[in-house]
Protein chains: 2
Amino acid sequence: MADGPDISRLAALLGDPARANILTALMAGRALTAGECAAEAGVSAPTTSGHLAQLVASGLVLVSIQGRHRYYRLAGPEVAEAIEAMMGLAARVGLNRTRLGPRDPSLRAARMCYDHLAGAVATELYDALITAGFLAPAPAGLTLTPLGRERLAAEGLPVDTPANSRRPLCRACLDWSERRDHLAGALGAAIAALALERGWCQRTPSSRAVTVTTEGRRQLLALAEPRSAQQLVQPAPQTRHLAHTAGSKQGACNVRRS
Amino acid sequence: MADGPDISRLAALLGDPARANILTALMAGRALTAGECAAEAGVSAPTTSGHLAQLVASGLVLVSIQGRHRYYRLAGPEVAEAIEAMMGLAARVGLNRTRLGPRDPSLRAARMCYDHLAGAVATELYDALITAGFLAPAPAGLTLTPLGRERLAAEGLPVDTPANSRRPLCRACLDWSERRDHLAGALGAAIAALALERGWCQRTPSSRAVTVTTEGRRQLLALAEPRSAQQLVQPAPQTRHLAHTAGSKQGACNVRRS
DNA sequence: CGGGTGTTTCGGTCCCGCCCGAAGTGTTGC
DNA sequence: GCAACACTTCGGGCGGGACCGAAACACCCG
């Protein structure tokens, strides 16, 4: 014994249902106020405050104070990935929080998974990208093929790993509702940002759920087609200045339409 | 709330120090008896028995009964990978079980990480494979290049992902003692099996530590060279029938030299 | 400078679950 | 068949930590 990192202290933090609820809610990628966290956790405000203090002290969660609100968010993709890994194993082992059938069908259709899309639409897109030959389930899990690079670069999507980042460009993420993979990593995050930017889908105010329009779904799946013609005809009435900076994830999300 | 897998029950399982010690010990890839688990956990036999029952009931650990002994082992690579993910995050966040400096230097030099090699030698090999152009830190993390395929196939190592398996061929695994990556996945496991088979290294009886001979280290790093000449001169006095079947991991390990 | 609101701190209660000693069950060996 | 061994089950003790109500603190607004 006495080697390696202390996995038990970290796991104990995730092991309380209230804290796990908070972290699961933060997986949606948005910062939540302490009160919203309390609602998600299902416990009182004082109890939530204690839990949040522990999460901040451990470095899993960051807090930014704005006026009399305190916004809590996950510390980074590494934290989200570890939680995803736990979710994947929990789903595989058969630990489901509730019957996941009729509970919230909109969540199964599409939702945010930290900063990328998950759910039925996301697995459809994933499969389409595979069959189109844009993504290859190569050795380490996923590779963007030259064909895919060309097609997606034309949309302004990032096709290279930033040299300074440990985060992979594309990564397969196990979708527990579908039991199949969807696209994560920097590319997955950029596609989600693109879809939100162009109005293909909209976030539900205080939920992980995402509503995808029928046209949006068509456009999303069109990313897996050789360079669709109708997209040139339709000049996208929305603004077009997306994703110039890689760090625009937060900036794109905090346009509150409450 | 009420969506997704129950991460808290799984995390609570890992959140107890005794159970975490057991799982960390099982990360060495070998099956342990209940008594050995108790010694690793640092608690009494009855307490350990209860913990093991929980781990088996949750599906994280499998048990095989042989006579009056019960051998416990991890349920599979998925469990090991999730634990690795937790270890990586714990190390990143700064939760170290003890000062990891002088405690056990042999562990830092080389050790087993479930079924592949970790430690200083493993990160050396990893870097050498990268600089040799055998592995490329491609989009999803790691790709085996055509150059690497040819070289490693000549050693009898697997260079294709078995179609039926979800496990990636090669994967980067964060080494917490070195804070750098080493090679995991099916290829990493096969290289570890090769090294043990050919006597390049030997496992310490009841520890994760692995002792690497100086010649073994040279041979191991020679895997990252274009096809070494001296290896042809030296006809490997050991037996040579390794790794015909992909499932030979367990078979190669249970030659007990106690 | 006072209400109203969001958040934290404090104090106390209570329950879950970790833990061990003793006894019970199954297996090996003499 | 009896002793030794490996492991589990049972019973009770005990501590940590989750939880909430009340109060204190910080901030915005009028």
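So that the names make sense, note that chain A is the first sequence line, chain B the second, and so on, each numbered from 1. These values consider heavy atoms only, across backbone and side chains, with no hydrogens, waters or symmetry-generated copies.
For D/dA18, the OP1/OP2 oxygens have a side-chain nitrogen or oxygen of A/R19 closer than 4.0 Å. The shortest distance between the side-chain N/O atoms of B/T47 and the OP1/OP2 oxygens of C/dC20 is below 4.0 Å. Look at B/H51 and you'll find a side-chain N or O under 4.0 angstrom from OP1 or OP2 of C/dC19. Distances shown here put every side-chain N or O of A/H69 at or beyond 4.0 Å from the OP1 or OP2 atom of D/dC27. The phosphate of C/dC18 (OP1 or OP2) has a side-chain N or O of B/Q54 nearer than 4.0 angstrom.
With distances taken from any side-chain atom of B/P46 to the nucleotides D/dT9, D/dA22, D/dC19, the minimum falls on D/dT9. Closest to the side chain of B/A34, out of C/dT8, D/dC20, D/dC7, is D/dC7.
Across the protein-nucleic acid pair, B/E36 atom CD and D/dC5 atom P stand 17 Å apart, rounded to whole Å. One atom, CD1 of A/I65, and another, P of D/dC25, lie 17 Å apart when rounded to the nearest Å. D/dC7 atom P lies 8 Å from atom OH of B/Y72, rounded to whole Å. Between the OH atom of A/Y71 and the P atom of C/dT8 there is a distance of 13 Å, given to the nearest Å. Between the C1' atom of C/dT9 and the CG atom of A/L52 lies a distance of 15 Å, rounded to the nearest Å. Rounded to a whole Å, the CZ atom of A/R9 is 15 Å from the C1' atom of D/dG16. Remark: P of C/dC18 and CG of B/L55 are 11 Å apart, rounded to the nearest angstrom. Atom CZ of B/R70 and atom C1' of C/dT28 are 15 Å apart (whole Å).
If you check every strand for non-hydrogen atoms under 4.0 Å, A/T48 touches nothing.
A residue-by-residue look at B/A45 and A/D16 shows that B/A45 has its nearest nucleotide of DNA chain D further toward the 5' end. Along DNA chain C, the nucleotide nearest to A/R68 and the one nearest to B/Q66 differ in position, and the one closer to the 5' end is contacted by A/R68.
At a threshold of 4.5 Å between non-hydrogen side-chain atoms, the residues B/E84 and B/R171 count as touching. In this structure, the side chains of B/L52 and B/C37 come closer than 4.5 Å at one or more pairs of heavy atoms. At a threshold of 4.5 Å between non-hydrogen side-chain atoms, the residues A/R73 and A/S64 count as touching.
The shortest heavy-atom contact between A/A75 and A/V79 is CB-CG2, 4.0 Å. Pairing each heavy atom of A/M112 with each of A/L117, the nearest pair is SD-CD2, 3.8 Å.
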